[in-house]
Structure formats: C-alpha cells, structure tokens
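All values below come from the heavy atoms of this structure, side chains included, with hydrogens, waters and symmetry mates left out. The first residue of the sequence shown is numbered 1, and numbering continues consecutively from there.
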Amino acid sequence: NLRKASYAGAIDHFNEALQLYTSTGNKRGQVDCHVKLSAIDNGRSLFENALHISEHSIELATQIGYNKGLANALHVKANSLQSLGKLSESLIPCVKALDIYEAVPDIYGMATSYYYLGAIYDSMGNYEDALSNFSFSLKIREDIGDRFGISEALNQIGIVHWKQSNHVEGTKQL
C-alpha cells in the first residue's frame, strides 16, 4: 500500500507540474514530466502506456532540439520494449540514447546507457555483450564516484557470471 501511495503522490506531483509547464509553454518541462510519468508507469508494469508516453516525449524533444530529454525518453522506451519482450527492438533506442550522451557529453547518461544495454543483452542470453556493457557502466561509475551505480553494476556482473555457472567470479562480484 505504501508503494501505491508513493506512486499516486508522484503521479499527482508530475501531473501538476505538467499542467504548469503546458500552461506556460515550457516544452522542456513537459518532456521531463512525460519522461518521469512514463518511468513511473514502467515501475507499475504499465509498459504499453509507458511506451506510448515515451514516444510522445521523443517526438516533442526532437521538435524542440532537447537532446537530454530525448535521451531520457529513449531510455524509458528501451525499458518498456525490453519489459514487453521486444528485446532486439529495445536495443535501438538505447543505442540512440548512448550516441546522444556521448555527443553532449553526459558521463552519467553514458553509464546508464551501458547499464541498460547490459540488461538487454542479459535478457537476450548474450552474456558476453552483457558483461562488456555492465563493465563499461561500472568503470564510468567508479570514475565519477557513483556508489549506488557501482553496486548496481557489480550486482548485475555477478548475476551474469552465475548464469554462466562461473560461481566463483559471480560470488566475488556480488
């Protein structure tokens, strides 16, 4: 119930902000709110709705040339597609987001893209590419001192090693 209440509060907050940004014509704010709302829907397992909202965000961000918002929306779209089992299709927006983050450059965004790519490849059973992308994410997160990101990447690396029956290395990473 607490989780449902947290979602409800967040949804209300972002819908209020969205109304304000819409009334003032702040399109970047609209993109950001739509990205947050679609991410919340992914968290609520409403993947089709999240996909629809993220696609709207992608269109708007593209129209106004808002690259950070575009990359964030592409991440949400990739996550929605992955959750819907459309694994090959989910790689496309994730790679596009990585390209944007590399061009900006946005180091945190790059680390997140590599992490998502690792998760997609892991879901596909392509453990070599999963480990490679999780390792790239780990290296960046170590460089920027992102302790949560470091633990997240190490956890995933350990899980992939376990899936490969490399229990010693998996346990070491975990």
Side-chain angles (χ1 to χ4, degrees), residues 1-7 9-10 14 32 35-51 53-54 57-58 67-174:
N1 289 335
L2 180 59
R3 188 173 188 186
K4 286 181 183 178
S6 296
Y7 280 135
F14 287 114
D32 291 339
V35 167
K36 295 292 187 185
L37 288 166
S38 59
I40 290 168
D41 277 353
N42 270 340
R44 297 169 58 209
S45 300
L46 301 172
F47 307 121
E48 290 287 349
N49 196 51
L51 182 60
I53 295 170
S54 67
S57 301
I58 290 165
N67 286 336
K68 183 175 181 174
L70 174 59
N72 289 336
L74 287 165
H75 274 170
V76 175
K77 180 178 181 176
N79 186 267
S80 300
L81 290 168
Q82 179 187 8
S83 297
L84 290 167
K86 299 176 181 182
L87 301 178
S88 295
E89 193 177 336
S90 68
L91 288 169
I92 297 165
C94 199
V95 169
K96 286 181 182 178
L98 177 59
D99 289 343
I100 292 168
Y101 286 129
E102 286 177 338
V104 170
D106 180 330
I107 303 300
Y108 183 80
M110 290 167 51
T112 302
S113 290
Y114 283 122
Y115 182 85
Y116 285 159
L117 285 167
I120 295 166
Y121 283 121
D122 180 29
S123 295
M124 296 171 100
N126 183 340
Y127 300 130
E128 184 177 320
D129 284 341
L131 285 173
S132 176
N133 281 283
F134 285 136
S135 294
F136 284 139
S137 179
L138 174 62
K139 172 69 173 118
I140 293 169
R141 290 178 176 194
E142 287 173 338
D143 289 348
I144 62 175
D146 176 6
R147 292 174 52 139
F148 177 78
I150 292 167
S151 65
E152 189 177 53
L154 286 171
N155 185 59
Q156 290 306 122
I157 290 169
I159 289 170
V160 172
H161 280 296
W162 267 84
K163 288 179 179 180
Q164 295 178 303
S165 296
N166 186 352
H167 300 130
V168 171
E169 185 62 26
T171 301
K172 179 178 149 187
Q173 298 302 320
L174 290 169

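A 4.5 Å side-chain heavy-atom check between Thr171 and Trp162 finds at least one atom pair inside the cut-off. Within the 4.5 Å cutoff, the side chain of Asn72 has heavy atoms near those of the Lys68 side chain. Two residues are said to be in side-chain contact when any heavy atoms from C-beta on lie closer than 4.5 Å; Ile120 and Cys94 meet this criterion. Taking the side chain as every heavy atom from C-beta outward, His161 and Gln173 approach each other to under 4.5 Å. Proximity of Glu48 to Leu84: side-chain heavy atoms (C-beta onward) are separated by under 4.5 Å at one or more points. With a 4.5 Å cut-off on side-chain heavy atoms, Arg44 and Asn49 do not count as touching. The side-chain heavy atoms of Val95 and Asp99, taken from C-beta on, include a pair separated by under 4.5 Å. Residues Leu74 and Ile58 form a side-chain contact, since some pair of their non-hydrogen atoms from C-beta on lies under 4.5 Å apart.
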Self-check item: Candidate pair Lys172 and Val168, rule side-chain contact (heavy atoms from CB on, under 4.5 Å), full reasoning
Solution: CA-CA 6 Å; Lys172 179 178 149 187; Val168 171; 5.7 Å; no
Practice problem: Take Tyr121 and Leu91 through the test side-chain contact (heavy atoms from CB on, under 4.5 Å) and record every step on the way to the result. | Solution: CA-CA 9 Å; Tyr121 283 121; Leu91 288 169; 3.8 Å; yes
Exercise. May I have the step-by-step check of side-chain contact (heavy atoms from CB on, under 4.5 Å) for Lys77 and Ser57, ending in yes or no?
Key: CA-CA 10 Å; Lys77 180 178 181 176; Ser57 301; over 6 Å; no
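Across Ser80 and Ala50, no two heavy atoms sit closer than the pair OG-CB, 3.5 Å. Nearest heavy-atom pair across Ala130 and Gly118 is CB-O, 3.4 Å. For Val76 against Ala39, the heavy-atom pair with the smallest separation is CG1-N, 4.0 Å. Here the closest non-hydrogen pair linking Gly69 and Asp32 is CA-OD1, 4.4 Å. Considering every non-hydrogen atom in both Gly109 and Asp106, the closest pair reads N-OD1, 2.7 Å. When all heavy atoms are compared, the tightest approach of Ala73 to Ser54 is O-CB, 3.8 Å.
Under a cutoff of 6.0 Å and an axis angle of 45°, Arg141 and Tyr115 form a cation-pi pair.
When only modelled atom types and interatomic distance are considered, Gln156 and Glu152 share no side-chain donor-acceptor pair under 3.5 Å.
The main-chain N or O of Leu87 is found under 3.5 Å from a side-chain atom of Ser90 such that the two form a donor-acceptor pair. Judged by distance alone, with hydrogens and angles left aside, the side-chain atoms of Ser38 form no donor-acceptor pair with the main-chain N or O of Ile53 at under 3.5 Å. Remark: the backbone N or O of Leu81 is not paired with any side-chain donor or acceptor of Glu89 at under 3.5 angstrom. Looking at Tyr7, its side chain does come within 3.5 Å of a backbone N or O of Gly43 through a donor-acceptor pair. Side-chain N or O atoms of Ser137 include none that pairs as donor or acceptor with a backbone N or O of Asn133 at under 3.5 Å.
Going from atom CG of Asn79 over to atom CG of Leu51 covers 10.5 Å, rounded to the nearest 0.5 Å. Taking CD1 of Ile159 as the start and CG of Leu131 as the end, the distance is 11.5 Å to the nearest 0.5 Å. The CG atom of Asn67 lies 5.5 Å from the CD1 atom of Ile100; values are rounded to the nearest 0.5 Å. Atom CG of residue Leu117 and atom CG of residue Asp129 lie 9.5 Å apart, to the nearest 0.5 angstrom. Note that OG1 of Thr112 is 9.0 Å distant from CD1 of Ile140, once rounded to the nearest 0.5 Å. Lys86 NZ to Ile92 CD1: the interatomic distance, rounded to the nearest 0.5 Å, is 12.0 Å.
A salt bridge between Lys139 and Asp143 is present, with a side-chain N of the basic residue lying under 4.0 Å from a carboxylate O of the acidic one.
Atom CZ of Phe47 is surrounded by more than 12 heavy atoms from other residues, nucleotides or ligands within 6.0 Å.
A tilted orientation is assigned to the rings of Tyr101 and His75, their planes being inclined by 30° to 60°.
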